[in-house]
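Heavy atoms only: backbone and side chains are in, while hydrogens, waters and symmetry mates are out.
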Amino acid sequence: MKITIISVGKIKEKYLRDGIAEYTKRLGRYCKLDQAELPDEKTPDGASAAVEIRIKEIEGERILRSIRDTDYVIALAIEGKMLDSPELASYIDSLGVQGKSSLVFVIGGSLGLSDAVLKRADYKLSFSKMTFPHQLMKMILLEQLYRSYRIIHGEPYHK
(Lines give C-alpha, C1' and ligand atoms only; values in the text may rest on other atoms or scores of the structure.)
Protein backbone atom coordinates (compact mmCIF):
# COMPACT_ATOMS: atom_id res chain seq x y z
CA MET A 1 0.00 0.00 0.00
CA LYS A 2 1.16 3.53 -0.74
CA ILE A 3 0.58 6.14 1.94
CA THR A 4 1.09 9.83 1.35
CA ILE A 5 1.01 12.42 4.10
CA ILE A 6 0.27 15.92 2.90
CA SER A 7 0.92 18.58 5.52
CA VAL A 8 0.87 22.34 5.47
CA GLY A 9 3.90 24.12 6.88
CA LYS A 10 7.52 23.23 7.52
CA ILE A 11 8.72 21.21 10.49
CA LYS A 12 11.10 23.61 12.22
CA GLU A 13 11.86 21.86 15.51
CA LYS A 14 14.73 19.34 15.45
CA TYR A 15 13.10 16.97 17.93
CA LEU A 16 10.04 16.69 15.66
CA ARG A 17 12.17 16.20 12.54
CA ASP A 18 14.08 13.45 14.37
CA GLY A 19 10.87 11.70 15.49
CA ILE A 20 9.36 11.96 12.01
CA ALA A 21 12.55 10.53 10.48
CA GLU A 22 12.51 7.61 12.94
CA TYR A 23 8.89 6.62 12.25
CA THR A 24 9.39 7.14 8.51
CA LYS A 25 12.29 4.67 8.64
CA ARG A 26 10.28 2.15 10.68
CA LEU A 27 7.30 2.35 8.30
CA GLY A 28 9.56 1.56 5.33
CA ARG A 29 9.20 -2.18 5.93
CA TYR A 30 5.39 -2.04 5.84
CA CYS A 31 4.38 0.43 3.13
CA LYS A 32 5.61 2.91 0.56
CA LEU A 33 5.50 6.27 2.32
CA ASP A 34 5.62 9.67 0.65
CA GLN A 35 5.43 13.00 2.41
CA ALA A 36 4.61 16.38 0.94
CA GLU A 37 5.12 19.55 2.94
CA LEU A 38 3.20 22.38 1.33
CA PRO A 39 3.87 26.04 2.13
CA ASP A 40 1.62 27.70 4.66
CA GLU A 41 0.19 31.17 4.32
CA LYS A 42 1.19 33.74 6.91
CA THR A 43 -1.74 34.74 9.10
CA PRO A 44 -1.60 38.38 10.17
CA ASP A 45 -2.17 39.12 13.87
CA GLY A 46 -5.82 39.90 14.48
CA ALA A 47 -6.88 38.53 11.10
CA SER A 48 -10.61 38.71 10.45
CA ALA A 49 -12.69 35.58 9.96
CA ALA A 50 -12.88 36.38 6.24
CA VAL A 51 -9.08 36.58 5.99
CA GLU A 52 -8.70 33.30 7.85
CA ILE A 53 -11.20 31.60 5.52
CA ARG A 54 -9.29 32.92 2.49
CA ILE A 55 -5.99 31.62 3.92
CA LYS A 56 -7.54 28.16 4.41
CA GLU A 57 -8.88 28.30 0.84
CA ILE A 58 -5.43 29.11 -0.58
CA GLU A 59 -3.82 26.31 1.42
CA GLY A 60 -6.70 24.02 0.45
CA GLU A 61 -6.15 24.68 -3.26
CA ARG A 62 -2.51 23.58 -2.85
CA ILE A 63 -3.62 20.44 -1.03
CA LEU A 64 -6.22 19.53 -3.65
CA ARG A 65 -3.65 19.93 -6.46
CA SER A 66 -1.58 17.24 -4.69
CA ILE A 67 -4.42 14.71 -4.57
CA ARG A 68 -5.31 12.41 -7.46
CA ASP A 69 -8.87 11.34 -8.27
CA THR A 70 -7.99 7.74 -7.40
CA ASP A 71 -6.58 8.56 -3.94
CA TYR A 72 -8.52 7.61 -0.83
CA VAL A 73 -8.30 10.76 1.30
CA ILE A 74 -8.34 10.79 5.09
CA ALA A 75 -8.50 14.30 6.53
CA LEU A 76 -7.34 14.88 10.08
CA ALA A 77 -10.07 17.03 11.58
CA ILE A 78 -11.35 17.66 15.10
CA GLU A 79 -14.90 16.90 13.91
CA GLY A 80 -13.83 13.53 12.51
CA LYS A 81 -14.36 10.08 13.97
CA MET A 82 -12.17 9.06 16.89
CA LEU A 83 -10.69 5.56 16.75
CA ASP A 84 -8.46 3.70 19.14
CA SER A 85 -5.24 2.14 17.80
CA PRO A 86 -6.69 -1.33 17.07
CA GLU A 87 -9.68 0.28 15.29
CA LEU A 88 -7.37 2.41 13.14
CA ALA A 89 -5.33 -0.69 12.28
CA SER A 90 -8.50 -2.57 11.34
CA TYR A 91 -9.71 0.37 9.23
CA ILE A 92 -6.41 0.62 7.31
CA ASP A 93 -6.38 -3.14 6.80
CA SER A 94 -9.99 -3.09 5.52
CA LEU A 95 -9.13 -0.36 3.01
CA GLY A 96 -6.42 -2.60 1.58
CA VAL A 97 -8.86 -5.49 1.33
CA GLN A 98 -11.29 -3.18 -0.52
CA GLY A 99 -8.57 -2.48 -3.08
CA LYS A 100 -7.65 1.02 -1.91
CA SER A 101 -3.96 1.07 -2.78
CA SER A 102 -3.23 4.78 -2.34
CA LEU A 103 -4.14 6.46 0.96
CA VAL A 104 -3.58 10.16 1.46
CA PHE A 105 -3.64 11.63 4.97
CA VAL A 106 -4.07 15.41 5.08
CA ILE A 107 -2.92 17.64 7.93
CA GLY A 108 -3.96 21.27 7.63
CA GLY A 109 -2.09 24.35 8.71
CA SER A 110 -2.57 26.30 11.91
CA LEU A 111 -6.09 27.35 10.88
CA GLY A 112 -7.20 23.85 9.87
CA LEU A 113 -8.55 22.58 6.56
CA SER A 114 -10.70 24.36 4.01
CA ASP A 115 -14.27 23.26 3.38
CA ALA A 116 -13.22 22.09 -0.11
CA VAL A 117 -10.60 19.72 1.35
CA LEU A 118 -13.05 18.40 3.95
CA LYS A 119 -15.59 17.84 1.18
CA ARG A 120 -13.03 15.91 -0.92
CA ALA A 121 -12.09 13.69 2.02
CA ASP A 122 -13.43 10.14 1.95
CA TYR A 123 -13.05 9.93 5.73
CA LYS A 124 -12.47 12.40 8.54
CA LEU A 125 -10.28 11.16 11.38
CA SER A 126 -9.89 12.84 14.75
CA PHE A 127 -7.13 12.08 17.21
CA SER A 128 -8.72 14.14 19.97
CA LYS A 129 -11.11 16.99 20.67
CA MET A 130 -8.01 18.94 21.65
CA THR A 131 -6.05 21.03 19.18
CA PHE A 132 -2.45 20.00 18.46
CA PRO A 133 0.23 21.91 16.59
CA HIS A 134 0.15 20.66 13.02
CA GLN A 135 3.89 19.86 13.16
CA LEU A 136 3.39 17.60 16.20
CA MET A 137 0.36 15.99 14.57
CA LYS A 138 2.52 14.67 11.75
CA MET A 139 4.72 12.77 14.19
CA ILE A 140 1.70 11.45 16.09
CA LEU A 141 0.13 10.26 12.82
CA LEU A 142 3.33 8.49 11.75
CA GLU A 143 3.58 6.76 15.13
CA GLN A 144 -0.03 5.58 14.89
CA LEU A 145 0.50 4.32 11.33
CA TYR A 146 3.54 2.38 12.52
CA ARG A 147 1.54 1.00 15.45
CA SER A 148 -1.29 0.07 13.06
CA TYR A 149 1.02 -1.96 10.84
CA ARG A 150 2.49 -3.73 13.87
CA ILE A 151 -1.07 -4.65 14.93
CA ILE A 152 -2.06 -5.73 11.40
CA HIS A 153 0.97 -8.06 11.22
CA GLY A 154 0.36 -9.49 14.69
CA GLU A 155 3.62 -8.05 15.98
CA PRO A 156 4.03 -6.78 19.54
CA TYR A 157 3.49 -3.11 20.21
CA HIS A 158 3.64 -1.01 23.33
CA LYS A 159 0.22 -0.58 24.96
Side-chain angles (χ1 to χ4, degrees), residues 1-41 56 59-114 117-118 120-159:
M1 179 173 289
K2 178 182 175 200
I3 293 180
T4 303
I5 298 174
I6 298 173
S7 58
V8 175
K10 281 200 177 298
I11 307 294
K12 297 176 181 114
E13 295 82 1
K14 182 182 179 336
Y15 74 95
L16 290 173
R17 285 194 315 265
D18 290 346
I20 288 167
E22 178 63 26
Y23 285 110
T24 297
K25 182 177 80 175
R26 290 183 187 190
L27 277 164
R29 65 182 280 221
Y30 298 106
C31 65
K32 179 176 177 0
L33 179 67
D34 289 329
Q35 298 178 57
E37 282 186 2
L38 305 179
D40 58 343
E41 289 294 305
K56 286 197 299 188
E59 291 174 348
E61 289 165 7
R62 288 184 190 132
I63 291 167
L64 292 171
R65 281 194 299 268
S66 300
I67 296 171
R68 298 173 308 170
D69 290 343
T70 56
D71 291 334
Y72 187 88
V73 178
I74 300 173
L76 274 58
I78 288 176
E79 66 273 13
K81 183 164 173 55
M82 281 193 262
L83 304 174
D84 63 22
S85 296
E87 288 171 332
L88 179 60
S90 177
Y91 185 65
I92 290 170
D93 195 36
S94 73
L95 290 173
V97 170
Q98 294 170 30
K100 310 287 186 214
S101 60
S102 180
L103 303 185
V104 175
F105 288 85
V106 180
I107 302 170
S110 60
L111 298 175
L113 294 168
S114 70
V117 172
L118 292 172
R120 168 60 181 90
D122 297 292
Y123 191 84
K124 293 174 195 71
L125 176 65
S126 175
F127 278 76
S128 173
K129 290 184 180 185
M130 292 185 273
T131 302
F132 294 103
H134 53 286
Q135 299 96 336
L136 178 60
M137 199 62 240
K138 185 174 185 178
M139 187 170 74
I140 294 170
L141 172 60
L142 286 165
E143 188 279 334
Q144 284 298 303
L145 290 172
Y146 172 70
R147 184 179 298 261
S148 291
Y149 277 105
R150 299 281 295 184
I151 294 168
I152 289 166
H153 288 91
E155 298 169 353
Y157 66 99
H158 180 61
K159 293 183 182 183

Any side-chain heavy atom of [X] sitting closer than 4.5 Å to one from [Y]?
| X | Y | result |
| --- | --- | --- |
| Leu125 | Lys81 | no |
| Ser126 | Leu76 | no |
| Glu41 | Arg62 | yes |
| Phe127 | Met137 | yes |
| Leu16 | Lys138 | no |
| Leu145 | Leu27 | yes |

Where do [X] and [Y] come nearest, in terms of heavy atoms and distance?
| X | Y | answer |
| --- | --- | --- |
| Tyr15 | Met139 | O-SD, 4.5 Å |
| Gln135 | Ile20 | O-CD1, 4.4 Å |
| Ile92 | Ile152 | CG2-CD1, 4.2 Å |
| Ala75 | Leu118 | CB-CD2, 4.2 Å |

Contacts under 3.5 angstrom, residues 96-114 side chains, donor-acceptor by atom type, not counting sequence neighbours:
from, atom 1, to, atom 2, distance (Å)
Ser102, OG, Arg68, NH2, 3.0
Ser102, OG, Asp71, OD1, 2.7
Ser114, OG, Val117, N, 3.2

Side-chain donor-acceptor distances from residues 4-13 under 3.5 Å, at least two apart:
none

From [X] atom [atom1] to [Y] atom [atom2], the distance as rounded to the nearest 0.5 Å:
| X | Y | atom1 | atom2 | value |
| --- | --- | --- | --- | --- |
| Ile78 | Phe132 | CD1 | CZ | 9.0 Å |
| Lys124 | Ile74 | NZ | CD1 | 12.0 Å |
| Ile63 | Glu59 | CD1 | CD | 7.0 Å |
| Asp34 | Ser66 | CG | OG | 11.5 Å |
| Leu142 | Arg147 | CG | CZ | 13.0 Å |

Looking at Tyr123 versus Tyr91, is the centre-to-centre ring distance below 6.0 Å?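 Distance test on ring centres: under 6.0 Å, yes.
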Go through it in stages, so that I can follow the logic: the residues are Lys25 and Glu22, the test is salt bridge (charged side-chain N to carboxylate O under 4.0 Å, His left out), and I'd like the CA-CA distance, side-chain angles, deciding distance and then a yes or no. CA-CA 5 Å; Lys25 182 177 80 175; Glu22 178 63 26; 3.6 Å; yes
Ser85 and its side chain to side chain donor-acceptor pair (under 3.5 Å) partner, picked from Gln144, Arg150, Glu143: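 Filter result, single survivor: Gln144.
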Please state whether the rings of Tyr149 and Tyr30 are parallel, tilted or perpendicular, taking 30° and 60° as the class boundaries.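 Rings of Tyr149 and Tyr30: parallel, under 30°.
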Is there a side chain to side chain contact (heavy atoms under 4.5 Å, CB included) between Met82 and Glu87? Walk through the geometry before answering. CA-CA 9 Å; Met82 281 193 262; Glu87 288 171 332; over 6 Å; no
Check salt bridge (Lys or Arg N to Asp or Glu O under 4.0 Å) between Glu79 and all other residues, then give those that pass, not counting sequence neighbours.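 Salt bridge (Lys or Arg N to Asp or Glu O under 4.0 Å) list for Glu79, sorted by chain: empty.
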Carboxylate-amine/guanidinium contact Asp122 Arg120, below 4.0 Å: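 Arg120 and Asp122: salt-bridged.
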